[in-house]
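Below is one structure, written out as structure tokens, with a few remarks after it.
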Amino acid sequence: MGSRLQEDFQNIHQGVYFVGTTPPKDSTTNERVDEIAEKLLERLSALDYDGMIVYDIQDESSRTNKPRPFPFMQTFDPCAYSRIIREKSGHPVITYKSVAQRNASDFSDWLTRAWNEFGVRDIVLVGAPSSEGDIRLSLPEAYKVLATHEAPYHLGGVTIAERHAAKGNEHTRLINKGKQGCTFFISQAVYDANATIDLLTSYAKSCAEQGVEPQRIILTFTPCGSLKTLEFMEWLGISVPESTRQEMMAAEDPLAESIKICHNNLQHILAECLPLNLPLGLNIESLTNRKTEIDASIELFTLLKKTLDTGLEKRRKAL
């Protein structure tokens with residue numbers, strides 16, 4: 001059986017909604033992993049979501065000279081965790097896969113195992129965090145391996161508005177990745193609405209000029225409840241405008257303020273970008289395992305889903 005999400009994504013006027021999560025650390029026992037998954041899904045039980053996203057965490061220290069605010073820890077196998085989440089929730093799961101550590105043959109073997117043993121159907125391939133280090137397989141090479149593999153994966157990619165702000169060519173990367181098989185893109189967490197608007201506008205314009213069907217863009221949002229979380233966001237490369245940074249950190253309740261900021265950012269993005277008729281979606285994540293931030297991500301999901309649903313309904317009626 002293929003991907004359920006591939007069907008869901010066909011309706012370009014319908015939003016798609018995801019919750020992002022990270023596997024537990026790799027020293028966690030199988031029994032405890034089950035408990036963690038069940039606790040997470042219990043928290044999400046009241047949400048109307050289409051699926052989940054399980055990240056493949058890399059050590060990104062080669063990308064920056066700044067010290068990592070939270071120590072890097074190897075995680076439980078994302079494929080195995082995806083299967084646990086899928087079986088316990090009954091929802092599809094998009095699984096991230098870092099490709100740089102394996103050669104083409106090893107990656108092909110991984111694709112076979114992920115499909116047959118773990119039931120992975122929806123994947124996002126991620127390249128090396130920087131050009132330094134031992135890169136055994138580039139992202140374009142991985143796309144070529146996948147294109148010749150027998151398993152019909154539903155493939156997505158990553159998009160980074162900050163990269164567009166710096167280089168002005170992220171929209172071209174999206175079009176090229178679409179030609180390489182990507183049918184959806186998941187953004188880095190959005191705190192700079194203008195950078196995202198610039199990217200979406202450039203992408204929609206280029207697609208129209210080239211006669212290319214735009215792929216679905218899933219915008220990621222995350223709450224921020226402390227200076228430590230903010231520093232981690234910035235370490236990851238998430239652009240937080242100085243005025244936004246000051247607003248959050250000066251607020252009596254930074255977590256509530258971050259939810260307000262995320263909501264305002266989405267409203268701003270929709271006001272500018274809904275007329276572009278791009279297929280959209282949302283991914284809400286918590287960057288830490290703090291209970292307050294996880295609970296805040298659930299509140300944020302409900303608020304932003306209602307906002308996007310309302311915007312898409314107005315757009316449908318206007319067509």
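Sequential numbering from 1 along the given sequence is applied to the chain's residues. Please read these numbers as outputs of a predicted model, since none were measured by experiment.
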Practice item. With rounding to the nearest 0.5 Å, note down the distance linking OG1 in T95 to CG in D56. Key: 9.5 Å
Exercise for review: Under the salt bridge (charged side-chain N to carboxylate O under 4.0 Å, His left out) rule, collect the residues that match up with R173, sequence neighbours excluded.
Suggested key: E170
Check your understanding: Checking Q188 side chain against G237 main chain: does a donor-acceptor pair fall under 3.5 Å?
Key -> yes
Exercise for review: Verify the neighbour count for atom CD of E242: are there more than 12 heavy atoms of other residues, nucleotides or ligands below 6.0 Å?
Suggested key: yes
Check your understanding: How far apart are the closest heavy atoms of I12 and R216, and which atoms are they?
Key -> CA-NH2, 3.7 Å
Review point. When rounded to the nearest 0.5 angstrom, what is the spacing between OH in Y81 and CG in D77?
Key: 12.5 Å
Practice item. Taking the side chain as every heavy atom from C-beta outward, state whether I36 and T28 have any atom pair closer than 4.5 Å. Key: yes
Check your understanding: Are M233 and I261 co-members of a hydrophobic cluster defined by side-chain heavy atoms under 4.5 Å apart?
Key -> yes
Exercise for review: Step through the shown structure and confirm whether more than 12 heavy atoms of other residues, nucleotides or ligands are within 6.0 Å of CD on Q210.
Suggested key: yes
Review point. Does the side chain of S226 come under 3.5 Å of the side chain of R290 through a donor N or O and an acceptor N or O?
Key: yes
Check your understanding: side-chain contact (heavy atoms from CB on, under 4.5 Å) between R121 and L5: does it pass, once the steps are laid out?
Key -> CA-CA 9 Å; R121 298 294 181 263; L5 289 177; over 6 Å; no
Exercise for review: Please test V158 against V124 for side-chain contact (heavy atoms from CB on, under 4.5 Å), starting from the C-alpha separation and ending with a verdict.
Suggested key: CA-CA 7 Å; V158 172; V124 169; 3.7 Å; yes
**Study point:** S89 OG to I84 CD1 distance, which is reported to the nearest 0.5 Å
**Key:** 11.5 Å
Revision key, fill the gap. Contacts satisfying side chain to side chain donor-acceptor pair (under 3.5 Å) that involve residues 4-21 (not counting sequence neighbours) are Y17-D309
Review point. Which pairs pass side chain to side chain donor-acceptor pair (under 3.5 Å) with one or both residues in residues 247-265, sequence neighbours excluded?
Key: H263-T307
Review point. Taking the six-membered ring where the residue is Trp, are the ring centres of Y203 and H164 under 6.0 Å apart?
Key: no
Review point. Rounded to the nearest 0.5 Å, how far does CZ of R113 lie from CZ of F118?
Key: 4.0 Å
Study note, to complete from the structure: Taking every heavy atom of F185 against every heavy atom of G178, the minimum-distance pair comes out as CZ-N, 4.1 Å
Practice item. For the residue pair T302 and E299, confirm or rule out a side-chain donor-acceptor distance under 3.5 Å. Key: no
Check your understanding: So do the side chains of N283 and L219 get within less than 4.5 Å of each other, counting heavy atoms only?
Key -> no
Exercise for review: Answer with yes or no whether the hydrophobic clustering places L174 together with V190; edges join I, L, V, M, F, W, Y residues whose side-chain heavy atoms lie under 4.5 Å apart.
Suggested key: yes
Exercise for review: Begin from the C-alpha positions of E231 and K228 and carry the test salt bridge (charged side-chain N to carboxylate O under 4.0 Å, His left out) through to its verdict.
Suggested key: CA-CA 5 Å; E231 289 172 344; K228 189 90 168 181; 5.6 Å; no
Point to revise | Main-chain N/O of A104 paired with S108 side-chain donor or acceptor, under 3.5 Å | key: no
Review point. Tell me, which pairs form a salt bridge (Lys or Arg N to Asp or Glu O under 4.0 Å) where one or both residues lie in residues 34-54, sequence neighbours left out?
Key: R32-E35, E38-K88, R43-D295, D48-K305
Study note, to complete from the structure: Tightest non-hydrogen contact, residues T201 and I197, listed as OG1-O, 2.7 Å
Review point. Looking at side-chain heavy atoms only, is the closest gap between M248 and C224 below 4.5 Å?
Key: yes
Review point. So which heavy atom on F76 is nearest to which on N30, and how close?
Key: CE1-OD1, 3.5 Å
Check your understanding: Side chains of I175 and C207: closer than 4.5 Å at any heavy-atom pair?
Key -> yes
Study note, to complete from the structure: Residues L41 and I85: closest non-hydrogen pair is CD1-O, 4.1 Å
Practice item. Give me the ring orientation class for H149 and Y153: parallel if the planes are under 30° apart, tilted from 30 to 60°, perpendicular past 60°. Key: tilted
Review point. Any side-chain donor-acceptor pair under 3.5 Å between T75 and D26?
Key: no
Check your understanding: Can you check side-chain contact (heavy atoms from CB on, under 4.5 Å) on C182 and Y143, steps first, answer last?
Key -> CA-CA 9 Å; C182 290; Y143 287 145; 3.5 Å; yes
Practice item. Using modelled atom types only, decide if a donor and an acceptor are shared between the side chain of T229 and the backbone of G225 within a distance under 3.5 Å. Key: no
Review point. Do the side chains of F9 and I53 join up, straight or via other hydrophobic residues, at under 4.5 Å, putting them in one cluster?
Key: yes
Point to revise | 4.5 Å side-chain heavy-atom contact, L44 and I298 | key: yes
Check your understanding: Can S243 and Q246 be said to form a side chain to side chain donor-acceptor pair (under 3.5 Å), step by step?
Key -> CA-CA 5 Å; S243 59; Q246 294 297 333; over 6 Å; no
Check your understanding: Under 4.5 Å between any side-chain heavy atoms of L282 and T220, yes or no?
Key -> no
Point to revise | Test item: L200 and I269 side chains (from C-beta on) under 4.5 Å apart, heavy atoms | key: yes
**Study point:** Aromatic F107 / basic R102 pairing, under 6.0 angstrom, 45° off normal
**Key:** no
Check your understanding: Are L278 and L312 grouped together when hydrophobic residues (ILVMFWY) are joined by side-chain heavy atoms under 4.5 angstrom apart?
Key -> yes
**Study point:** Donor-acceptor under 3.5 Å (D192 side chain, A195 main chain)
**Key:** yes
Point to revise | Nearest-0.5 Å distance, CG of residue D122 to OG of residue S3 | key: 3.5 Å
Exercise for review: Could you check if a side-chain atom of L280 sits within less than 4.5 angstrom of a side-chain atom of L270, using non-hydrogen atoms only?
Suggested key: yes
Review point. Do E293 and T288 have side-chain N/O donor and acceptor atoms under 3.5 Å apart?
Key: yes
**Study point:** Set of residues satisfying salt bridge (charged side-chain N to carboxylate O under 4.0 Å, His left out) with respect to E87, sequence neighbours excluded
**Key:** none
Point to revise | Test log, rule side-chain contact (heavy atoms from CB on, under 4.5 Å), inputs F184 and L155 | key: CA-CA 7 Å; F184 64 94; L155 174 65; 5.8 Å; no
Practice item. Measure the CZ-CZ distance between F301 and F221 for me, rounded to the nearest 0.5 Å. Key: 13.0 Å
Exercise for review: Identify whether L139 and W110 are in the same connected component of the hydrophobic contact network (ILVMFWY, side-chain heavy atoms under 4.5 Å).
Suggested key: yes
Review point. Is it the case that S286 and S297 place a side-chain donor and acceptor less than 3.5 Å from each other?
Key: no
Exercise for review: Mind checking ring pair (Phe, Tyr, Trp, His ring centres under 6.0 Å) for Y49 and listing every partner two or more places apart, or none if nothing turns up?
Suggested key: H91
Practice item. For residues P24 and V33, report the shortest heavy-atom separation together with the two atoms involved. Key: CG-CG2, 4.2 Å
